[in-house]
Amino acid sequence: MNIKVIGTGCEKCDQLYANVQEALKITGRVAEVEKIEDLMEIVKLGVMTSPSLMIDGKLVVSGRIAKPDELVKLMK
C-alpha cells in the first residue's frame, strides 16, 4: 500500500500524517507513507486543496484532517 500525505508542510498536514501513522498502528498494516510538500509535485498529482490524502493513487481525503478511525476504514 502506498499512502501520500499531500500539503505544503502546514500544521494540518502534519496532523494528517500523524493520524495516518496511528491508523497504521491500529490496523497492523505496513505501508509506504510519503509526505508530498513540493508545490510542483502537488500540482502534478492534480491536488488543489490541502491537506489531502492518496491511497494507492486514489484521492480519498481532500481539504480536511481525517481522524484515525476514518483512515482505518479507508485502508481496508
Side-chain angles (χ1 to χ4, degrees):
M1 178 186 314
N2 179 276
I3 300 173
K4 292 180 177 162
V5 178
I6 303 161
T8 56
C10 64
E11 187 176 319
K12 291 180 181 181
C13 302
D14 292 340
Q15 183 60 56
L16 181 57
Y17 183 83
N19 289 355
V20 166
Q21 296 296 333
E22 181 65 25
L24 287 170
K25 285 180 189 175
I26 292 168
T27 62
R29 296 188 76 168
V30 176
E32 177 186 343
V33 182
E34 300 175 71
K35 281 182 87 174
I36 308 295
E37 296 179 341
D38 179 67
L39 192 53
M40 292 305 293
E41 187 65 27
I42 292 170
V43 171
K44 286 180 190 175
L45 291 170
V47 174
M48 298 299 155
T49 57
S50 69
S52 293
L53 183 76
M54 287 183 134
I55 297 178
D56 294 330
K58 181 180 176 186
L59 187 63
V60 294
V61 174
S62 182
R64 63 186 180 84
I65 302 169
K67 296 187 186 304
D69 58 337
E70 179 185 356
L71 294 170
V72 166
K73 292 175 186 174
L74 292 170
M75 291 177 186
K76 290 186 178 184

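The basis for the numbers below is simple: all heavy atoms, side chains too, and nothing from hydrogens, waters or symmetry mates. Predicted model, so just to flag it, every value in this text is computed and none were measured.
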Q. Hey, what do you get for CD (Glu37) to CD1 (Ile6), rounding to the nearest 0.5 Å?
A. 11.5 Å
Q: Is it possible for you to say whether Leu24 and Val60 belong to one hydrophobic cluster, with membership spreading through side-chain heavy-atom contacts below 4.5 Å?
A: yes
Which pairs would a plain distance check flag for residues 69-76, meaning a side-chain donor or acceptor within less than 3.5 Å of a matching protein atom at least two apart in sequence or in another chain?
from  : atom 1 : to    : atom 2 : distance (Å)
Glu70 : OE1    : Arg64 : NH1    : 3.0
Glu70 : OE2    : Arg64 : NH1    : 3.4
Glu70 : OE2    : Arg64 : NH2    : 2.6

Q) If Ile, Leu, Val, Met, Phe, Trp and Tyr residues are connected whenever their side-chain heavy atoms lie under 4.5 Å apart, and connections chain through other members, are Tyr17 and Met1 in the same group? A) yes
Q: Find out if a path of hydrophobic residues (ILVMFWY) with successive side-chain heavy-atom gaps under 4.5 Å connects Ile26 to Val20.
A: no
Q) Who pairs with Lys4 by side chain to side chain donor-acceptor pair (under 3.5 Å), at least two apart in sequence or on another chain? A) none
Q | Stepwise side chain to side chain contact (heavy atoms under 4.5 Å, CB included) test for Leu59 and Met54 | A | CA-CA 4 Å; Leu59 187 63; Met54 287 183 134; 4.0 Å; yes
**Q.** Distance (rounded to the nearest 0.5 Å) between Ile65 CD1 and Leu53 CG
**A.** 12.0 Å
Q: Compare every heavy atom of Gly9 with every heavy atom of Asp14, then report the nearest pair and how far apart it is.
A: OD2-O, 4.0 Å
Q) Taking Leu16 as the fixed residue, which of Pro51, Cys10, Ser50, Ser52 is the one that meets the side chain to side chain contact (heavy atoms under 4.5 Å, CB included) rule? A) Pro51
Q: Determine yes or no for a side-chain-to-main-chain donor-acceptor pair under 3.5 angstrom, with Asn2 supplying the side chain and Asp56 the backbone.
A: no
Q: Could you tell me whether the side chain of Ile36 reaches within less than 4.5 Å of the side chain of Val47, counting heavy atoms only?
A: no
Q. Hey, are the side chains of Gln15 and Asn19 touching, using non-hydrogen atoms and a 4.5 Å cut-off?
A. yes
Q.
How long is the straight-line distance from NZ of Lys35 back to CD1 of Ile3, given to the nearest 0.5 Å?
A. 14.0 Å
Q | Closest approach of Cys13 to Val5 (non-hydrogen atoms, all atoms of both residues) | A | O-CG1, 3.7 Å
Q | Sequence neighbours excluded - salt bridge (Lys or Arg N to Asp or Glu O under 4.0 Å) pairs with any residue from residues 20-34 | A | none
